[in-house]
Chemist: 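This structure is in structure tokens; I'll ask about it shortly.
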2 protein chains.
Amino acid sequence: MAGIKDVAAEAGVSVATVSRVLNDHASVSATARERVLAAVEALGYRPNAVARSLRTHQTRTLGLVISDVMNPYFTELARSVEEEARALGYSVIIGNADERPDLQDHHVTTLLDRRIDGLLVSPTDGGSPRMLEAARAGTPMVFVDRWIPGVDVPVVRSDGRSAVRDLVAHLYGLGHRRLAIIAGPAATTTGRERVDAFREALGAYGLPLPAAYIGQGDFQADSGRRVTEGFLGLAEPPEVVFAADNLMALGALDAVRAHGLRVPEDIGLAAFDDIPWFVHTDPPVTAIARGHGRSR
Amino acid sequence: MAGIKDVAAEAGVSVATVSRVLNDHASVSATARERVLAAVEALGYRPNAVARSLRTHQTRTLGLVISDVMNPYFTELARSVEEEARALGYSVIIGNADERPDLQDHHVTTLLDRRIDGLLVSPTDGGSPRMLEAARAGTPMVFVDRWIPGVDVPVVRSDGRSAVRDLVAHLYGLGHRRLAIIAGPAATTTGRERVDAFREALGAYGLPLPAAYIGQGDFQADSGRRVTEGFLGLAEPPEVVFAADNLMALGALDAVRAHGLRVPEDIGLAAFDDIPWFVHTDPPVTAIARGHGRSR
DNA sequence: CCTCCTCGTGGAATCGATTACATCCGCTGT
DNA sequence: ACAGCGGATGTAATCGATTCCACGAGGAGG
């Protein structure tokens, strides 16, 4: 593959000049520029990003480590991130942690080895040493959706609190009093936060949140099913089930249908995270939407 | 950040020795190895992948350009690819073409600039000049799911033909005679291929495939809805609708439900590509499954 | 007419690794 | 005892770009 030297030779100038043309730097004569451009065209030359990165100390690449690619919420997130990054001339390398701390660590490590310019993470657990160290070392870093308490890193997230409050108000207005929640893993901030918000919102109406109405899920569909089965088996099942994420909501839907119950006549179903798929389920699941648009 | 020189200094050896230890090359004395390892540990040294790549001419990175990240089929594909690659010590950079040739081209270009070791593509269109050139230049390359006719690049795909045949046989056995298809874009090979396979399978039973029963979709949910609306508006609507991909099947499902029809009593619905989501739709869509497992 | 600036350009150092080649040292075989 | 060999290690070239610095030419100002 042709290198900058070949271009220089072809154009009859020095490599310095070629580089200057390519980065439209300082002063280059019109004729020189023309000849270089012609040579580039003729040889089909493309600059080697690896060499460039080594010299300039920047890769124009962002790392994004998400907890689960198969979760539409994160897929959508990844798409948005890539879109914005591309507009700014950056690339994004996506790492899928699959909710596994060891995988998360692996990705953070390789991304750091590649000297990415910045790291976006939605932490699966409390934070691996590698990540904490990176944060301390000053690697540009942002947490998305989830975060690690006590670590001084900016967080991008949608505040679920008010949305949850609105939801509970709505349900209360419909006359529902027995509300249950399928919670996320306690290791994640969003897992805990949504339960807290839910309990708080219920409290505002003087409603209790009995332990039996808190099911432990893991953000996967299966756990939603399992927990819902448990709810339905109670002597006094909840009137509404609130799932802390979309995947668990789908699982809940399955369980409800397996019991021959109908939504919303027999039991209510609500979810955090809206995804395009919900409109295809029957009936559509009520959801709290979170946008990924460019904020203004 | 500490470099190999710092490690060498700390360990009291030359950079060459450090490099040898790190790549467990040739002969290094036990003591030297020990001291180097200690120094690495002490400094928290991590080799710079960029510099390494420049020197060795390999990035241990694969590029994967897919047509639509939001399509679960491709998401799943990406996950599998990454998994296998990781096991072999490779990373994967995913590019989302969003069914847009220009985006596809952009990603192929930047991936090539980054000197990836290999490229996996599921082409959106007939193939951009950049890709054809890369193929000709001998870039290790593989097409997945879709391909470009006439280009000498290995293709990985599941042969839909027999699956489609089986499906048609099944439907014929149930007594259905009027079968329609929602096709994919004609620019993609899979788009055309599935229609051909369908027509051929029908032909084996002496069934026709009238033009009115071929709807042009674009692999997106909306087009599935639109096409299905069309089918339902016909004087003699089909008994079964076959969607060439999962997203269009979901659209079709919506349209069917919007008309107050039930599946499969009133109309049959089948789809290429199985995805976990189908089990959550009501009723579950019949689908042709395609695995991504490691082949043995 | 001479000095001084500016503009365009090339030479060479540099980024952080890998690796060919040279060197040195201690053994072994005769 | 000495040639020769092989193991351990260091020196320096190299990968393909960017960029600092020096240098020559030409124009402006005194």
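Just so you know, these numbers use all the heavy atoms, side chains as well, and skip hydrogens, waters and symmetry mates. Keep in mind the model is a prediction, meaning the values are calculated, not measured. Below, chains carry the letters A, B, ... as their sequence lines are ordered, and counting in each starts from 1.
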Chemist: Keeping the roles fixed (side chain from B:Arg60, backbone from B:Gly89), state whether a donor-acceptor pair exists under 3.5 Å.
Modeler: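 Side chain of B:Arg60 to backbone of B:Gly89, a donor-acceptor pair under 3.5 Å: yes, one is there.
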Chemist: Return yes if some donor-acceptor pair links the side-chain N/O of B:Asp6 with the main-chain N/O of B:Gly3 below 3.5 Å, else return no.
Modeler: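 Yes, B:Asp6 side chain to B:Gly3 backbone: donor-acceptor pair under 3.5 Å.
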Chemist: So, B:Thr75 side chain and A:Met70 main chain: donor-acceptor pair closer than 3.5 Å or not?
Modeler: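 No: the side chain of B:Thr75 does not pair with the backbone of A:Met70.
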Chemist: What is the distance, to the nearest angstrom, from the NZ atom on B:Lys5 to the C1' atom on D:dA12?
Modeler: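 After rounding, the reported distance stands at 12 Å.
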Chemist: Is the shortest side-chain heavy-atom distance between A:Thr61 and A:Ile93 below 4.5 Å?
Modeler: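 Yes, side chains in contact.
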Chemist: Please state how far atom NE2 in B:His25 lies from atom C1' in D:dA8, giving the value in whole angstrom units.
Modeler: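 For the pair B:His25 NE2 and D:dA8 C1', the rounded distance is 15 Å.
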Chemist: When the distance from CD of B:Glu34 to P of D:dA8 is rounded to whole Å, what number comes out?
Modeler: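 Interatomic distance, CD of B:Glu34 to P of D:dA8: 14 Å.
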Chemist: Contact class for B:Thr56 vs. all strands (heavy atom < 4.0 Å): base, sugar-phosphate, or nothing?
Modeler: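 Touches sugar-phosphate only.
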Chemist: Check the distance between D:dT14's P and A:Leu54's CG and give it to me in whole angstrom.
Modeler: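 In whole Å, D:dT14 P lies 17 Å from A:Leu54 CG.
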Chemist: Starting at the 5' end of DNA chain C and moving along, which residue's nearest nucleotide shows up first, A:Ser14 or B:Val50?
Modeler: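 Residue closer to the 5' terminus by nearest nucleotide: A:Ser14.
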Chemist: What nucleic acid atoms does A:Val13 come within less than 4.0 Å of, heavy atoms only: base, sugar-phosphate, or nothing?
Modeler: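 Answer is sugar-phosphate: A:Val13 comes under 4.0 Å of backbone atoms only.
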Chemist: Counting any heavy atom closer than 4.0 Å, what does A:Ala32 reach on the DNA or RNA strands: base, sugar-phosphate only, or nothing?
Modeler: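 Sugar-phosphate contact only - A:Ala32 comes under 4.0 Å of backbone atoms but never of a base.
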Chemist: Determine, for B:Asp152 against B:Arg136, whether the closest basic-nitrogen to carboxylate-oxygen distance falls under 4.0 angstrom.
Modeler: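 Salt bridge absent between B:Asp152 and B:Arg136.
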Chemist: Strictly by modelled atom types, are A:Thr59 and A:Ser53 linked by a side-chain donor-acceptor pair under 3.5 Å?
Modeler: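 Distance-only check fails for A:Thr59 and A:Ser53.
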Chemist: Is B:Arg194 positioned over the aromatic face of B:Phe272, cation under 6.0 angstrom from the ring centre and no more than 45 degrees off axis?
Modeler: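 Here B:Arg194 passes the 6.0 Å and 45° test against B:Phe272.
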Chemist: Could you give the CZ-to-C1' distance, from B:Arg20 to D:dT11, as a whole number of Å?
Modeler: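 So the two atoms are 11 Å apart, to the nearest Å.
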Chemist: Could you tell me whether B:Ser27 contacts a base, only the sugar-phosphate backbone, or nothing, with contacts defined as non-hydrogen atoms closer than 4.0 Å?
Modeler: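 Result for B:Ser27 = base.
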Chemist: What is the first contacted nucleotide of DNA chain C and what is the last, in 5' to 3' order, if contact means an atom lying under 4.0 angstrom from a heavy atom of chain A?
Modeler: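 Listed 5' to 3', the contact boundaries are C:dC7 to C:dG16.
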Chemist: Does some side-chain heavy atom of A:Asp113 sit less than 4.5 Å from a side-chain heavy atom of B:Val50?
Modeler: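 In short, these two side chains do not touch, never coming nearer than 4.5 Å.
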Chemist: Give me the bend of the helix from C:dC1-D:dG30 to C:dT30-D:dA1, using the axes of the five pairs at each end, rounded to 10°.
Modeler: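 It comes to 50° between the two terminal axes.
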Chemist: Look only at the side chain of A:Arg115 and the backbone of A:Leu112, and say whether a donor-acceptor pair between them is shorter than 3.5 Å.
Modeler: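 Yes; judged by distance alone, with no hydrogens or angles, the pair exists.
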